Each structure stands twice: as C-alpha cells, then as structure tokens.
Amino acid sequence: MYLNVNSLNTVGPRSSIVELTDFICAAQMAKAADALFPVEDKKSFCNDPNYKKRRNMGYDLWKRKKQMKLEKKLLNEDDNVVHLPNPMIGFGVPTEPGQITQRTLPEDAIGPPYFYYENVAMAPVGVWSEMSRYLYDVGPEFVDSKYFCAAARKRGYIHNLPIDNRFPLFPFPPRTIHEAFPLTKKWWPCWDPRTKLNCLQTCTASAKLTERIRKALEAYDDEPPLNVQKYVLDECRKWNLVWVGRNKVAPLEPDEVEMLLGFPKNHTRGGGSSRTERIKSLGNSFQVDTVAYHLSVLKDMYPGGINVLSLFSGIGGAEVALHRLRIPLKTVVSVEKSEVNRNIVRSWWEQTNQHGTLIDIPDVQELNGDRLEQLMSRYGGFDLVVGGSPCNNLAGSNRHHRDGLEGKESSLFYDYCRILDLVRLMQRTQ
DNA sequence: TTTAGGATGAATTCCCGT
DNA sequence: ACGGGAATTCATCCTAAA
C-alpha cells in the first residue's frame, strides 16, 4: 500500500530486496496519495475563492495547511490559550486610559512573600499557559514598554502584587525618538515615519551597513525612489538605526541604550566589558520604568526596606528599579551566572552607597533547600522573589534553538519555580 | 584570546480586503 | 470569518582580523 518514506532514511542493514521492488518514485507516490483524497475535499479546493492566487500552492500543500490549522484550533480550545491584549497595557500604564485596579488571585498565589516573574510576550504558543500553570495559575500581565520609554519591549509578567495605587518613576523618560535623541531631528528624513524604536536586542548593526545605506542614498539629491526608501526603512527598523548625519544612520551606543532602559549612565561600564558585551547585557535586561511601576506598590508596605531574592539578575534591573523607587534594600541575594554582570551589579551597589547586604551566587543550582534555609534564617526571610528566566529558546530572533520552555537555557524557568516554592513553603509554615 | 561582522528563517500577531 | 501580506523579534554560529 503506502511506502513509508522514513524507512528509506533509517540506518542499519537493509532487510531484503522487497523494498526495492516496492519502491516507486516520489512523483508516483504523490499521485497515488493524491488520488486517495476524498472528492469533496478536492472540490472545496477548486472552489476556493482565492484559488487563483494560490494556484502555485498545489492541492497537497493546501490540504496540509488546512489540517494544521484545524489541529491548532482544536489544541487551543483544550489548552486555555493565553491571548495578548491590544493595546498591550496590562492592568494599565500611567499614560493611557483604562486602568484596572482590582483582580482576584487564586488562593495559593496570595502573598506575602511576593513574586514577580518576567519573560518575552511573543513566546511559542502554549508557553505562557504552561508558565502560568506553574506559577499558581496567576494570569500574566502583558505590557509593552513603549508606553514607558521610546523603545518597544513586549513582555509578560506573572506576579501576585497588588495592582492599585501604583505610581511611576519621575521624571518620565523621553517617550519618542525625537525626545530621546534631539540631535537626530535635524537629519531625520520626512519619509521615515518612526516615532518609537523597536525592541532593543543583543546585537547592533555594523558600521559597514550604515556605510552601505549612505552609498545607496547619496545618488539622489532629494527624496530617493520608493524602493530605496523601503530598503533603508526596513534596515532601520530591523537594526534600530537613527539619523546622525546627511544620509547617515547609526546604531545606538551602550550609554544610549542604558538611558532608554532606565539605567544610570555608564551603568554597564563597571564590568570593564567591551561594547559588544555591554550591548548584549543590556539587550537581556528589564526596562526599569516598567518594572518599577509594578513594584511601586511595595513602597508603602515596607517602609523599613525589603529583603529581595533576585534570580537571573543580569545587570540588576529589579535592584535599580527598587532603588529608584526609594525602597531601602536591606538584603539582596542575587543569582547571576555571568561574572561581568555580577561585577556590574556589585559596582552599582558600591556607587549608590547601599547600606544593606549584597550576596551574589553564581549558580542557581547552588540554591537548594539547605542553602535557602541558611540564608533565610540569617536575614529573616524574603519579601520579594523577582526574576526573568532566560528567553533564549523562546525569542523570535533565535534562528537555531527556538525550542520552547524545554530548551537548554529557558528550562531554567523551572528553577525559578522550584526556588519560589521552597521560599513560600518555608515562610508560610513558620 | 578577544572582538566585530556577516549569514542564518520562522513563529507569531496585526491588519485589511474579500 | 478567512486568507495573505506586512511587521516584529531579550539570538547563534562561524570566521577573519586585531
């Protein structure tokens, strides 16, 4: 009947010559399979109103796509799929109407201790419902940081914090490209309509690319033709380029990214790292104003300061947010793999004259029950467990290993859950 | 040994016309 | 409601130069 194509690729001794006699070429196979599809199906393919447009698609491909869509739909209805809000403002942002100040949390999720978990919003389908399931069924709050600064940053946050009486950091950071980079206004062409930057990532464009763009533009005195405009705009959007001269675009410098993300200038310089390293660390970080807005409700609750367990700290986005909110940091236990990042947080800690204690731990596996118990008995438990686990295997930019939550780095999410569970268990049974 | 540059798609959502 | 196009995306791997 059917020839199993996979069997042709199996390694090992071929069992017999029967396969040879059974073998028919791929075209014949397709033809044979094609004939097996129901006539009704074929009719609906031919009667498809967009059939002309999709002529080159072919019947089998059309059929397969239809099947995939159906399967997906069935899967989604079973698996309480999470939908992204539009506009992406979560329970509300300071600058837009439509605040929500009340929600009901599942019984198991009610704090303290409080937790605040972050990751990319555009994760593969099913990932956010899985993460929500592991975090006591709390629904994620999806917020785009373009409502807080001049760059987009679509992120989901699962937390059990109160959501009334939030307040933003002051002063408000610049919220358009022109406000953030006034000098670019002079060179900004009228055919570039951007007012916000796209997401700040871990790589920047090369000087060579900006040179290619300059060459493409200098052939024209006034406005370039539409196809050239499109090429330049596509590259500018892809690489977050800004205009710095006549026909000249440039990528953002590390200190400019620091400003957009709400960090003090030269924050990442402390590690003694290269430009590339700084851009990478920043690309993996929180947007401070966004996170601070959510954490601001802690200020009245803990006037004497808080103990923080910060997992996957990176360059210390959560710590900077709490500090800028003027919430005293009594104890910060910071888990971060990268030595450069640990140095950055350490030197920030010293520069801001913190009075509390900073403990850094390089490996998250080191935080087992014993170690946690030791830390908690010494410093009196944690008020907040904050962290964003690695997004490497969830992010759209990843061509190679976008494997979902079970991926090599992103599966560290389960360590966040493990540790949070331990902390909550120990503190609630006291 | 470190750093910059180039090549490398696909998953997902939004939007708009039919 | 549905399909197709446009837009967007906390990246990785390899190589050559420094």
Side-chain angles (χ1 to χ4, degrees), chain A residues 44-45 47-57 61-62 65-66 68-70 72-73 76 81-88 117-128 142-146 151-157 193-194 196-212 230 233-240 251 254 257 260-261 268 272-288 290-291 312-315 317 338 340-341 387-404 407-410 412-413:
Chain A
S44 80
F45 171 63
N47 292 335
D48 194 311
N50 293 321
Y51 174 51
K52 274 182 187 164
K53 272 190 202 167
R54 286 187 270 130
R55 255 209 151 87
N56 59 346
M57 187 182 260
L61 185 58
W62 176 83
K65 284 209 164 181
K66 200 128 189 167
M68 276 172 65
K69 201 148 194 177
L70 195 69
K72 212 171 205 177
K73 204 167 189 178
N76 284 356
V81 74
V82 178
H83 283 106
L84 299 176
N86 186 15
M88 198 183 276
Y117 173 79
E118 177 262 10
N119 216 318
V120 291
M122 307 283 191
V125 172
V127 166
W128 273 105
F142 292 103
V143 182
D144 190 339
S145 291
K146 76 176 180 184
R153 208 167 184 78
K154 298 178 185 62
R155 296 294 181 268
Y157 306 88
R194 292 176 299 155
K196 301 269 186 185
L197 293 164
N198 280 335
C199 185
L200 304 164
Q201 307 206 91
T202 57
C203 300
T204 55
S206 62
K208 300 241 169 128
L209 174 66
T210 71
E211 192 57 22
R212 283 200 293 274
K230 169 122 173 67
L233 274 177
D234 281 350
E235 294 294 327
C236 285
R237 288 194 167 109
K238 193 198 307 185
W239 293 103
N240 266 333
V257 180
L260 288 169
L261 291 178
T268 55
S273 56
S274 65
R275 177 193 139 92
T276 317
E277 284 288 329
R278 291 177 68 185
I279 289 288
K280 184 172 178 185
S281 290
L282 285 161
N284 282 310
S285 171
F286 288 168
Q287 205 286 326
V288 170
T290 312
V291 171
F312 317 110
S313 301
I315 58 174
S338 155
V340 171
N341 286 347
S389 65
C391 69
N392 304 32
N393 312 114
L394 311 178
S397 318
N398 193 336
R399 266 91 152 159
H400 295 86
H401 307 102
R402 198 183 186 188
D403 323 311
K408 192 174 162 209
E409 286 87 14
S410 293
L412 288 171
F413 161 74

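Note that the coordinates shown come from a computational prediction; the quantities given were computed from them, not determined experimentally. What you see below is based on every heavy atom in this structure, not just the backbone, and it leaves out hydrogens, waters and symmetry mates. In what follows, chains carry the letters A, B, and so on, assigned in the order in which the sequence lines appear, proteins first and then strands, with residues in each chain numbered from 1.
- Between A:R402 and A:P124 the shortest side-chain heavy-atom distance falls below 4.5 Å.
- Rounded to a whole Å, the CD atom of A:Q201 is 11 Å from the P atom of C:dT12.
- Minimum atom distance to the side chain of A:R237 is reached by C:dT8, of the listed B:dA11, C:dT8, C:dT12.
- Note on A:K230: a side-chain N or O is less than 4.0 Å away from OP1 or OP2 of C:dA7.
- A distance-only check finds a donor-acceptor pair linking the side chain of A:N393 to the backbone of A:S410 [under 3.5 Å].
- Set against C:dT9, C:dA11, B:dT12, the side chain of A:N392 has C:dA11 as its closest nucleotide.
- Ranked by how close their nearest DNA chain B nucleotide is to the 5' end, A:S397 and A:T204 are led by A:T204.
- Checked by distance alone, A:R399 brings no side-chain donor or acceptor within 3.5 Å of a matching partner on the base of C:dC13.
- Residue side chain A:E118 reaches the base of C:dC10 through a donor-acceptor N/O pair under 3.5 Å, judged by distance alone.
- Nucleic acid contact class of A:S389 (heavy atoms, under 4.0 Å, all strands): base.
- A:N398 has no side-chain polar atom (N or O) that falls below the 4.0 Å cut-off from OP1 or OP2 of B:dT8.
- No side-chain heavy atom of A:L260 sits under 4.5 Å from any side-chain heavy atom of A:S145.
- Spacing between atom CG of A:N393 and atom C1' of B:dA11 amounts to 14 Å, rounded to whole angstrom units.
- In this structure, A:H401 and A:N119 both approach DNA chain C, and ranking their closest nucleotides by distance from the 5' end singles out A:N119.
- Nucleic acid contact class of A:K408 (heavy atoms, under 4.0 Å, all strands): none.
- Note: CG (A:D403) to P (B:dG9) measures 17 Å, nearest angstrom.
- When distances are taken from the side chain of A:A152 to each of C:dA7, C:dA11, C:dT9, the shortest belongs to C:dT9.
- If you measure from atom CG of A:N198 to atom P of B:dT12, you get 19 Å, rounded to the nearest angstrom.
- A:T204 places a side-chain heavy atom less than 4.5 Å from the side chain of A:R275.
- Using a 4.0 Å heavy-atom cutoff across all strands shown, A:C391 reaches at least one base atom of the nucleic acid.
- The residue A:A207 sits close only to the backbone: its heavy atoms come under 4.0 Å of sugar-phosphate atoms, none of a base.
- Checking A:R275 against A:R402, the closest nucleotide of DNA chain B that is more toward the 5' end is the one next to A:R275.
- Rounded to an integer number of Å, the gap from CD of A:E409 to P of C:dT12 is 6 Å.
- Nucleotide B:dT3 forms a Watson-Crick or G-U wobble pair with C:dA16, both donor-acceptor distances falling under 3.5 Å.
- Comparing the C1' positions of C:dA7 and B:dG9 gives a spacing of 15 Å, expressed to the nearest Å.
- Using a 4.5 Å cut-off on side-chain heavy atoms (C-beta onward), A:F413 and A:N119 make no contact.
- Within the 4.0 Å cut-off from OP1 or OP2 of C:dC10, not a single side-chain nitrogen or oxygen of A:R153 is found.
- Between the NE2 atom of A:H83 and the P atom of B:dT13 there is a distance of 8 Å, given to the nearest Å.
- At a threshold of 4.5 Å between non-hydrogen side-chain atoms, the residues A:N240 and A:Q201 do not count as touching.
- Not one side-chain nitrogen or oxygen of A:R212 sits closer than 4.0 Å to the OP1 or OP2 atom of B:dG5.
- Going from the P atom of B:dT8 to that of C:dT9 covers 23 Å, rounded to whole Å.
- Pair assignment for C:dC10: none, as no Watson-Crick or G-U wobble contacts are both less than 3.5 Å.
- Out of C:dA7, B:dG5, C:dA11, the shortest distance to the side chain of A:S206 is found at B:dG5.
- The separation between A:K280 atom NZ and C:dT12 atom P is 6 Å, rounded to whole Å.
- Residue-level contact check: A:L84 touches the backbone only, with heavy atoms under 4.0 Å from sugar-phosphate atoms and none from bases.
- Listed nucleotides: C:dT12, B:dG5, C:dC10. Nearest to the side chain of A:C203: C:dT12.
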Candidate pair A:T268 and A:R278, rule side chain to side chain donor-acceptor pair (under 3.5 Å), full reasoning = CA-CA 6 Å; A:T268 55; A:R278 291 177 68 185; 2.8 Å; yes

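- If you measure from atom NZ of A:K154 to atom C1' of B:dC14, you get 10 Å, rounded to the nearest angstrom.
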